[in-house]
Amino acid sequence: MAGELSKDEQHSPLGNVKILSASYVKPRKALGRKECQLVTFDLPYLAFYYNQKLLIYKLGDGEFDKAVEELKESLSLVLEDFYQLAGKLGKDEEGVFGVEYDDDMNGVEVVVAEAPETAVADLTDEEGTLKFKELLPYSNILNLEGLHRPLLSLQLTKLKDGLSMGCAFNHAVLDGTSTWHFMSSWAQISSGENSISVPPFLDRPKARNTRVKLNLSNPSDAPEHAKSAPNGNVNEVKPGPRLREKVFRFSATAIDQIKAKVNANANGSDGSKPFSTFQSLSTHVWHAVTRARQLKPEDITVFTVFVDCRKRVDPPMPESYFGNLIQAIFTGTAAGLLLANPPEFGAALIQKAIENHNSEAIDARNKEWESNPKIFEFKDAGANCVAVGSSPRFKVYDVDFGFGRPETVRSGCNNRFDGMVYLYPGKSGGTSIDVEISLEGSALERLEKDKDFLLDF
């Protein structure tokens, strides 16, 4: 497996990344064989790509080799709790997918590389993703390949003055909440703690115990190019639009300004709740992207958000539930209607969709899917969509492995499509938020010039 390192075909402007070694890390102590089925919340992500995260750290001269060894050592310890990440996907005799771990499995893949001409500042200044391609493992690798590949691959790259940590997590195994729970736990051990503060809750069937058989065995079975396909029947291949990505950094002042504007006419006298920071920023982005796309007034535009269901299911699951416990929810309207109304119109649509997604709605969605399982392509998020993933609630800048907080945290190149948005807390703290947006090239160019969107840029 060490020889099967993913290399993106597109040229990277770094151009100088050299792979030095590839090895595997498994839990330090023997755990024996362990199995856990994937549940309805997990299975739709089999045809998504590995979820990539990139963290950039400053390091002093001569510190890289020591940092790598300490990271591997602490990884072996934290995997005793998060052993599912050291396993593989498997299928039982009934065709039900699950996570399988055994002590003789390889574990987590760790690639060590160097990019001696690249400085930390070169990466923190990057507004797109082009410079990240050679720093991230498993580009364009489907989660279904977890049948044969590690469920977590790491690339630790030595920079001129720092360390790049490129992570690729199998999205069929965990969502964003679990991803950052793992990363913060690993950082705790690496920083000298003897144990993690919150162990993962690994009993997925407690959230949903329906066994769903899927006839998927190979990546070619997944509908990469189909809108949706029962059991992965692929028909016509259609090229997507030329995309560009950019991160827009909204200061705490800008976020407060956006929230105040959306709530200016929401006095609550009709029983309505004030709009949250998320709802306010979401309608701000939805309006701006719709303007930038220059849609016809009658064109439908859909807003999609991946909602954490841990506290919404009945009975509620702990925050430490390890796996996917999210569902995509949708709301939509005509582009002309969205833009003709003040921002609270869009915010109210988003707020209603989120609040209506209670345990009954979650259960109904699961039953509908289980009765006719469809493996969707990662970009099946609706017409002219704005789809929001990740969350500014994730404490990504607290992931300190003992050599300081990250200089920047970004999503990788996988699972991006026209209208995909990733939200992260801003490094400056407070209510600041970084908004990563992928759009068709000309639309992004118009967005970059939209003063109503940019505010204090």
Is there a side-chain contact (heavy atoms from CB on, under 4.5 Å) between R446 and Q294 once you walk through the steps? CA-CA 9 Å; R446 288 188 286 271; Q294 298 181 336; 3.3 Å; yes
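With 3.5 Å as the limit, one finds a donor-acceptor pair spanning the side chains of Y138 and E109. Donor-acceptor pairing under 3.5 Å is recorded for the side chains of S411 and Y424. A donor atom on one side chain and an acceptor atom on the other are not found under 3.5 Å apart for S153 and Q155. E245 and T129 are linked by a side-chain donor-acceptor pair at a separation below 3.5 angstrom, with hydrogens and angles left out of the test.
A distance-only check finds a donor-acceptor pair linking the side chain of S432 to the backbone of G429 [under 3.5 Å]. Checking side-chain atoms of D418 against main-chain N and O of E440 turns up a donor-acceptor pair under 3.5 Å. When atom types are taken as modelled, the side chain of S276 and the backbone of Q279 share a donor-acceptor pair closer than 3.5 angstrom. Looking at K91, its side chain never comes within 3.5 Å of a backbone N or O of L147 through a donor-acceptor pair. At least one donor-acceptor pair under 3.5 Å links the side chain of N143 to the backbone N or O of Y45. S390 places no side-chain N or O within donor-acceptor distance of the main-chain N or O of Y422, the cut-off being under 3.5 Å. Although no hydrogens or angles enter the test, the distance criterion places a donor-acceptor pair under 3.5 Å between the side chain of S178 and the main chain of Y321. Using a distance-only test at 3.5 Å, with no hydrogens or angles considered, a donor-acceptor pair links the side chain of Q52 to the main chain of P137. Remark: side-chain polar atoms of R365 are paired, donor with acceptor, to backbone N or O of A328 under 3.5 angstrom. Listed for the D452 side chain is no donor-acceptor partner under 3.5 Å among the backbone atoms of L455.
The side chain to side chain donor-acceptor pair (under 3.5 Å) search around T333 returns none, not counting sequence neighbours. Taking E448 as the reference, R244, K246 meet the salt bridge (Lys or Arg N to Asp or Glu O under 4.0 Å) condition, with sequence neighbours excluded. Partners of T301 according to the side chain to side chain donor-acceptor pair (under 3.5 Å) rule, which considers only residues two or more places apart in sequence or in another chain, are W286.
Taking a 6.0 Å sphere around NZ of K158, one finds it holds 12 or fewer heavy atoms contributed by other residues, nucleotides or ligands. Taking a 6.0 Å sphere around CD of E368, one finds it holds 12 or fewer heavy atoms contributed by other residues, nucleotides or ligands.
Each of K311, R312, R310 was scored for a salt bridge (Lys or Arg N to Asp or Glu O under 4.0 Å) with D308, with one residue passing: R310.
Contact check on D434 versus R249 returns a salt bridge, with a Lys/Arg side-chain nitrogen under 4.0 Å from an Asp/Glu carboxylate oxygen.
For K131 against D122, the heavy-atom pair with the smallest separation is NZ-O, 3.3 Å.
Outside the 6.0 Å centre-distance limit, the rings of H171 and Y49 are not counted as a close aromatic pair.
Using the six-membered ring where Trp is involved, F453 and H284 have ring planes that are parallel, under 30° apart on the 30 and 60° scheme.
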